[in-house]
Number of protein chains: 2
Amino acid sequence: MKQEARTAAGAPATLWERTRQLATREILETALRLFTEQGYDETTVAQIAREAGVSQRTLFRYFGAKEDLLGGGQDRFGQVLTDTISEQPADVGVWEALRAGVAAVLALHDSREQALERFRLLHNTASLRAGYLEKRLRFQEDLLPLVEARMDTRAGSADPRARAVVATAFACLDAASMTWVASDGRGDIIDLYDECLAAVRG
Amino acid sequence: MKQEARTAAGAPATLWERTRQLATREILETALRLFTEQGYDETTVAQIAREAGVSQRTLFRYFGAKEDLLGGGQDRFGQVLTDTISEQPADVGVWEALRAGVAAVLALHDSREQALERFRLLHNTASLRAGYLEKRLRFQEDLLPLVEARMDTRAGSADPRARAVVATAFACLDAASMTWVASDGRGDIIDLYDECLAAVRG
DNA sequence: ACGCAGTCTGGCAGTCGCTGCCATCATGTC
DNA sequence: GACATGATGGCAGCGACTGCCAGACTGCGT
């Protein structure tokens with residue numbers, strides 16, 4: 001705790017961190033390659049560890065679960081979402097604020113191809129969807145207070161409307177991304193999202 | 001295949017079917033008891049099998065997975081949903097048809113207490129939610145053609161609107177049931193559902 | 001340069017959900 | 001009573017994941 005490693009620029013201070021980053025990258029790349037080559041379920045953690053040159057035990061110390069090997073740091077998504085939304089001016093409506101959050105998260109992908117590959121893997125693999133949906137629920141829970149602040153919510157805990165609004169936003173995002181994948185990445189997801197919302201609130 | 005067992009009334013024809021039903025019920029009751037007593041994740045399949053007086057192997061032959069031990073035959077939910085919606089007259093709108101389906105499924109529970117207990121277990125157990133959400137996705141996929149038939153959907157596969165509508169309906173159902181559980185089962189879920197939809201469709 | 005302390009690593013065993021295989025036993029039929 | 005048709009239970013095994021322990025390594029003070 002005495003000497004923080006520089007997170008942004010510059011080489012990491014200690015040798016440990018350097019090797020750690022190297023191993024992390026190696027594991028991540030191996031995993032993504034094997035996943036796309038032979039599918040998520042057909043790839044065992046043991047295989048990834050073997051080909052990445054680390055022990056299975058170490059791999060599980062780096063990444064707590066197999067899902068985490070997808071990379072992209074999905075946990076960051078939640079952060080960006082809540083940050084973007086809470087940064088919106090107070091007079092911006094709920095739907096607009098949510099849209100801004102969604103757009104910010106979508107802009108997080110490195111490239112169109114990478115996004116397409118991730119979404120494709122996600123929507124086509126049952127075991128992955130489970131994890132994604134689980135995280136999604138946590139995001140929804142985190143967003144709840146922010147959304148309630150922008151709606152005149154009833155007192156007490158028996159007001160389902162904020163929950164419904166948040167869940168609907170995610171539902172539209174899902175529909176949009178699924179359609180986007182189905183059409184092989186034509187157009188912009190955010191346009192599809194707008195279309196979904198229009199269809200729902202029309 | 002030569003002598004069908006009577007499904008509805010009367011004792012089942014063969015002894016096998018009788019014992020089978022008995023074992024099924026015994027397992028189901030034991031499982032539900034243990035789940036509510038000590039939680040879902042804290043209850044092992046081995047324990048259920050032991051206390052129900054069958055081998056673990058047999059238990060897995062009766063129920064393919066641990067989730068299925070929750071009973072209620074959630075697979076039936078999907079059937080009732082699609083049936084109810086497809087039975088709606090052609091001039092009934094999408095939202096109304098979906099609402100009818102939701103109401104039909106909710107009416108499937110034996111009692112208010114049972115429904116509350118199930119929803120509570122569902123919303124509080126991560127591993128259960130995963131399975132539920134997975135099934136939900138299948139239901140959504142099954143509903144898609146029915147909903148598209150009631151909307152003037154664009155040609156091609158790049159129309160996300162039907163997906164969005166279905167997903168929104170489920171999102172509202174989720175929000176409603178979560179709020180219902182949070183308020184310990186006060187009021188009717190279907191009323192909360194209506195409130196959610198009203199909030200979304202403004 | 002050396003030793004010590006704090007980490008990191010790999011391997012082993014074990015848990016839990018779940019499946020395939022096979023011997024055994026009960027059931028229904030001829 | 002003999003025989004085919006299942007149902008059952010036990011065993012081994014897989015895959016994700018965890019706890020534990022010994023050994024290797026790095027960083028730091030001397």
Side-chain angles (χ1 to χ4, degrees), chain A residues 1-6 11-27 30-31 34-35 38-70 125-132 134, chain B residues 1-6 11-28 30-31 34-35 38-70 125-132 134-135:
Chain A
M1 193 84 92
K2 54 178 71 166
Q3 187 167 358
E4 282 289 309
R6 268 153 287 175
T14 91
L15 201 168
W16 273 346
E17 297 225 16
R18 244 178 299 151
T19 33
R20 200 176 171 80
Q21 279 196 355
L22 223 80
T24 300
R25 189 172 328 193
E26 181 69 26
I27 293 174
T30 309
L34 291 176
F35 286 162
Q38 41 180 301
Y40 181 81
D41 286 326
E42 287 69 31
T43 305
T44 70
V45 174
Q47 187 185 8
I48 300 173
R50 212 181 315 125
E51 301 207 11
V54 295
S55 81
Q56 194 171 339
R57 194 65 191 82
T58 300
L59 192 151
F60 271 115
R61 261 193 283 258
Y62 275 64
F63 306 88
K66 190 183 178 186
E67 315 174 355
D68 299 340
L69 294 173
L70 274 185
T125 312
S127 33
L128 275 182
R129 276 186 308 233
Y132 161 69
E134 196 54 39
Chain B
M1 194 87 92
K2 53 179 71 168
Q3 187 168 356
E4 282 289 309
R6 267 152 289 176
T14 91
L15 202 168
W16 274 344
E17 298 225 16
R18 243 178 300 152
T19 35
R20 197 175 175 81
Q21 279 195 355
L22 225 82
T24 300
R25 189 171 328 192
E26 181 70 25
I27 293 173
L28 238 39
T30 309
L34 291 177
F35 286 162
Q38 41 180 299
Y40 180 81
D41 285 327
E42 288 69 32
T43 306
T44 70
V45 174
Q47 187 186 7
I48 299 172
R50 212 181 316 126
E51 300 207 11
V54 296
S55 81
Q56 194 170 338
R57 192 67 191 82
T58 301
L59 191 152
F60 271 114
R61 261 194 283 258
Y62 275 65
F63 305 89
K66 190 183 177 184
E67 315 174 354
D68 299 341
L69 294 174
L70 274 185
T125 313
S127 35
L128 275 182
R129 276 187 308 234
Y132 161 69
E134 196 53 40
K135 274 177 200 137

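Below, chains carry the letters A, B, ... as their sequence lines are ordered, and counting in each starts from 1. Just so it is clear, the model here is predicted, and its values are computed rather than measured.
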Practice task
Under the salt bridge (charged side-chain N to carboxylate O under 4.0 Å, His left out) rule, collect the residues that match up with E67(B), sequence neighbours excluded.
Solution key: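 Salt bridge (charged side-chain N to carboxylate O under 4.0 Å, His left out) list for E67(B), sorted by chain: K135(B).
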Handout entry: For E26(A), side-chain hydrogen bond (donor to acceptor under 3.5 Å, both in side chains) partners two or more places apart
Key = none
Return the value, rounded to whole Å, for the distance between atom [atom1] of [X] and atom [atom2] of [N].
X      : N       : atom1 : atom2 : value
Q21(A) : dC8(C)  : CD    : P     : 14 Å
Q38(A) : dG15(D) : CD    : P     : 12 Å
R18(A) : dC8(C)  : CZ    : C1'   : 16 Å
I27(B) : dA7(D)  : CD1   : P     : 14 Å
F60(A) : dG11(C) : CZ    : C1'   : 15 Å
E26(B) : dT8(D)  : CD    : C1'   : 17 Å
Y40(A) : dA16(D) : OH    : P     : 8 Å
F63(B) : dT19(C) : CZ    : P     : 14 Å

Exercise for the section: Without swapping roles, check the side chain of K66(B) against the backbone of T43(B) for a donor-acceptor pair under 3.5 Å. Expected result: yes
Handout entry: Note, L69(B) side chain near L59(B) side chain (heavy atom, < 4.5 Å)
Key =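 Counting from C-beta outward, L69(B) and L59(B) do come under 4.5 Å.
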Handout entry: Min side-chain heavy-atom separation E42(B)-F35(B) under 4.5 Å
Key =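 Side-chain contact under 4.5 Å: no.
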Completion exercise
Under a 4.0 Å heavy-atom cutoff, the residues of residues 43-51 of chain A touching DNA chain C are none
Nucleotide N/O to protein N/O under 3.5 Å, stretch nucleotides 9-13 of chain D:
unit_1	atom_1	unit_2	atom_2	d
dG9(D)	OP2	S55(B)	N	3.2
dG9(D)	OP2	S55(B)	OG	3.1
dG9(D)	OP2	T58(B)	OG1	2.2
dG9(D)	N7	R61(B)	NH2	2.6
dG9(D)	O6	R61(B)	NH2	3.3

Problem - side-chain contact (heavy atoms from CB on, under 4.5 Å) involving E51(B) - partner list, sequence neighbours excluded - result: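 T30(B), R33(B), L34(B), Q47(B).
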Practice task
Would you please confirm or rule out a distance under 4.0 Å between OP1 or OP2 of dT8(D) and any side-chain N or O of Y62(B)?
Solution key: yes
Problem - From OG (S127(B)) to CD (E134(A)), nearest 0.5 Å - result: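 So the gap between those two atoms works out to 8.5 Å.
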Problem - Pairs meeting criterion ring pair (Phe, Tyr, Trp, His ring centres under 6.0 Å) with involvement of residues 45-69 of chain B, two or more places apart - result: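 Ring pair (Phe, Tyr, Trp, His ring centres under 6.0 Å) check on residues 45-69 of chain B returns no pairs.
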Practice task
Taking all heavy atoms of A130(B) and all of A130(A), pick out the closest pair and write down the distance.
Solution key: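 It is CB-CB, 4.0 Å.
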